[in-house]
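From a predicted model like this one, the values you see are computed outputs, not experimental measurements.
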Amino acid sequence: MSNLNRWLLAAVPILLVPALLFWFWPRPRDVMYSLYRERGKAQTLAGLDGYQSKESQHYEIWYTDADEKNVDMILKTAETVYGPVVKAVGFQADKVPLIVYPDRTVLRKAFGWGSSESAMGVYWQGTVRLLSPNAWIDEQTDKSRARVFRKLNPIAHELTHYLLDYKTSGNYPRWFTEGLAQRVEHDVTGYLWIENKSTLRQNLYSLSDLESHFDQLDNQPLAYRESFLLVDYLASTYGKAQMSALVERLGNGISFGDAVRMTYGKSIGQIHDDWADWVKDNLDELDPTG
């Protein structure tokens with residue numbers, strides 16, 4: 001047997017196995033996405049020098065000495081919202097990693113953000129990142145701190161991102177996960193982000209704007225407000241059961257556009273047009289301060 005034939009016999013199994021995996025493994029994109037996400041999570045957790053960890057029933061939290069006194073408060077609140085968020089998304093994951101950054105500087109450094117960017121919570125690559133309550137709660141007593149944290153904490157919002165991402169392997173547009181996270185957070189905690197810049201009495205972003213470059217839109221409060229109202233419109237008009245069916249289809253690997261048509265009998269473009277009319281008809285109720 002020639003050397004060429006020997007090389008071919010050795011190479012065929014090596015080349016054939018990935019091809020077979022691609023064609024016969026269910027949803028290979030999901031596999032690749034999950035590998036990317038879990039690799040990022042492992043790298044993030046491995047790089048937490050100087051952090052301690054503690055577990056509760058559904059979470060593992062990483063924190064520095066600066067947040068020693070906040071850990072139990074954070075975990076207690078996180079456990080309180082876990083069940084309602086799981087029910088809303090329709091998915092239960094293994095223990096959720098929470099990382100508590102001691103201040104805004106450290107949080108910004110973790111994401112490479114500039115000094116003008118900040119957040120109280122972020123979901124990214126299989127981890128929920130939180131800004132220490134020390135950075136945004138002024139109350140001194142444990143009771144008052146806990147009350148403010150329960151009211152304003154971002155855990156329900158970020159947990160929604162986490163569970164949706166694991167259920168669907170990232171199979172959703174950016175505006176949808178932000179809209180769903182806001183709606184679940186509002187249902188669970190009562191909090192909703194509204195400010196003057198998010199008024200609906202201005203030119204609204206188009207569906208193309210929201211779908212194509214959500215995070216780059218100049219008026220982020222408006223983009224978030226629209227995403228919330230789109231999801232809220234779907235849930236209130238067609239019912240929560242249909243919203244659950246939509247998320248289930250996304251979890252089965254069906255594209256967002258097809259999943260919307262299968263669930264609601266309309267394209268997302270048609271639904272957006274209906275939504276725009278709904279906003280106009282209910283403007284005084286949706287934007288009472290205008």
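Of the possible donor and acceptor atoms, one in the side chain of Arg104 sits under 3.5 Å from a partner among the backbone N and O of Ala135. In this structure a side-chain-to-backbone donor-acceptor pair under 3.5 Å is present from Asn171 to Leu250. With hydrogens and angles ignored, the 3.5 Å screen pairs no side-chain donor or acceptor of Lys280 with any backbone N or O of Trp275. Judged purely by atom type and a 3.5 angstrom limit, Tyr205 uses its side chain to pair as donor or acceptor with the backbone of Asn219. Side-chain atoms of Asp67 do not come within 3.5 Å of backbone N or O of Asn70 as any donor-acceptor pair. Thr237 places no side-chain N or O within donor-acceptor distance of the main-chain N or O of Leu234, the cut-off being under 3.5 Å. Side chain of Thr127 to main chain of Trp124: a donor-acceptor pair is present (N/O by atom type, distance under 3.5 Å, no hydrogens or angles). Using a distance-only test at 3.5 Å, with no hydrogens or angles considered, a donor-acceptor pair links the side chain of Thr80 to the main chain of Lys76. In this structure a side-chain-to-backbone donor-acceptor pair under 3.5 Å is present from Asp209 to Ser206.
Looking only at side-chain heavy atoms (C-beta outward), His186 and Tyr191 stay at 4.5 Å or farther from each other. The shortest side-chain heavy-atom distance between Thr64 and Tyr101 does not fall under the 4.5 Å cut-off. Residues Ser198 and Tyr224 have side chains not in contact (no heavy-atom distance under 4.5 Å, counting atoms from C-beta outward). For the pair Phe176/Val247, a side-chain contact is recorded, criterion being any heavy-atom separation below 4.5 Å from C-beta on. Using a 4.5 Å heavy-atom cutoff, the side chains of Val279 and Asp287 are not in contact. At least one side-chain heavy atom of Val100 sits less than 4.5 Å from a side-chain heavy atom of Ile74. Looking only at side-chain heavy atoms (C-beta outward), Val122 and His161 stay at 4.5 Å or farther from each other. Between Phe228 and Arg225, the closest side-chain pair of non-hydrogen atoms falls below 4.5 Å.
Annotation for Lys95: atom NZ counts as buried by contact number, over 12 foreign heavy atoms lying within 6.0 Å. Crowding of Asn196 atom CG: a count of heavy atoms from other residues, nucleotides or ligands under 6.0 Å not exceeding 12. The local environment of CG in Asp94 is sparse, with at most 12 non-hydrogen atoms from other residues, nucleotides or ligands closer than 6.0 Å. The local environment of CG in Asp218 is sparse, with at most 12 non-hydrogen atoms from other residues, nucleotides or ligands closer than 6.0 Å.
Linking ILVMFWY side-chain heavy atoms closer than 4.5 Å, directly or via other members, places Trp136 and Val71 in a single hydrophobic cluster. Hydrophobic clustering (ILVMFWY, side-chain heavy atoms < 4.5 Å, transitive): Met262 and Leu230 are in distinct clusters. No single ILVMFWY cluster, assembled from side-chain heavy atoms under 4.5 Å apart, contains both Ile254 and Val89.
Distance CG/Leu164 to OG1/Thr177: 4.5 Å, rounded to 0.5 Å. Between the CZ atom of Phe111 and the CG atom of Leu107 there is a distance of 6.0 Å, given to the nearest 0.5 Å. Residue Leu283 holds its CG atom at 10.5 Å from CD of Glu285, rounded to the nearest 0.5 Å. A distance of 9.5 Å separates CG of Asp103 from CG of Asn134, quoted to the nearest 0.5 Å.
Trp175 and Phe214 have their aromatic ring centers separated by at least 6.0 angstrom. For Tyr162 and Tyr166, the gap between ring centers is short of 6.0 Å.
A salt bridge is absent between Lys69 and Asp142; no separation between the charged side-chain nitrogens and carboxylate oxygens falls under 4.0 Å. In summary, Arg183 and Asp187 engage in a salt bridge, as defined by a charged side-chain N under 4.0 Å from a carboxylate O. Salt bridge annotation for Lys167-Glu248: present, with a cationic side-chain nitrogen under 4.0 angstrom from a carboxylate oxygen. At a threshold of 4.0 Å, the pair Glu117-Arg108 does not count as salt-bridged, since none of the basic side-chain nitrogens sits closer than that to a carboxylate oxygen. With respect to the salt-bridge test (charged N to carboxylate O, under 4.0 angstrom), the residues Asp30 and Arg37 do not qualify. Looking at Arg145 and Asp138, no side-chain N of the basic residue comes within less than 4.0 Å of a carboxylate O on the acidic one, giving no salt bridge.
Side-chain contact check for Ser267 and Arg261: no donor-acceptor pair (N or O, by modelled atom type) lies under 3.5 Å. Remark: the Glu79 side chain and the His58 side chain contain an N/O donor-acceptor pair separated by less than 3.5 Å. When only modelled atom types and interatomic distance are considered, Thr77 and Asn153 share no side-chain donor-acceptor pair under 3.5 Å. Using modelled atom types, one finds no donor on one side chain facing an acceptor on the other under 3.5 Å when comparing Glu60 with Trp62. Counted by atom type alone, Arg249 and Thr263 present one or more donor-acceptor pairs between their side chains at under 3.5 Å. Asp165 and Tyr172 share a donor-acceptor pair across their side chains, judged by distance under 3.5 Å alone. Between the side chains of Tyr123 and Arg129, no donor-acceptor pair is found at a separation under 3.5 Å. In the model, Ser227 has a side-chain atom that pairs as donor or acceptor with a side-chain atom of Gln182 under 3.5 Å.
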Could you walk me through whether Leu130 and Met120 pass side chain to side chain contact (heavy atoms under 4.5 Å, CB included), step by step? CA-CA 6 Å; Leu130 302 174; Met120 288 169 54; over 6 Å; no
Apply side chain to side chain contact (heavy atoms under 4.5 Å, CB included) to residues Ile99 and Thr44 and explain how you reach the verdict. CA-CA 10 Å; Ile99 304 171; Thr44 296; 3.6 Å; yes
Evaluation steps, side chain to side chain contact (heavy atoms under 4.5 Å, CB included), between Ile268 and Glu211: CA-CA 11 Å; Ile268 186 58; Glu211 290 184 329; 4.0 Å; yes
Walk me through it: do Leu222 and Lys197 pass the test side chain to side chain contact (heavy atoms under 4.5 Å, CB included)? CA-CA 6 Å; Leu222 178 61; Lys197 289 184 66 177; over 6 Å; no
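Looking at residues two or more places apart in sequence or on another chain, you find a ring-ring contact (aromatic ring centres under 6.0 Å, His included) between Tyr264 and Tyr238.
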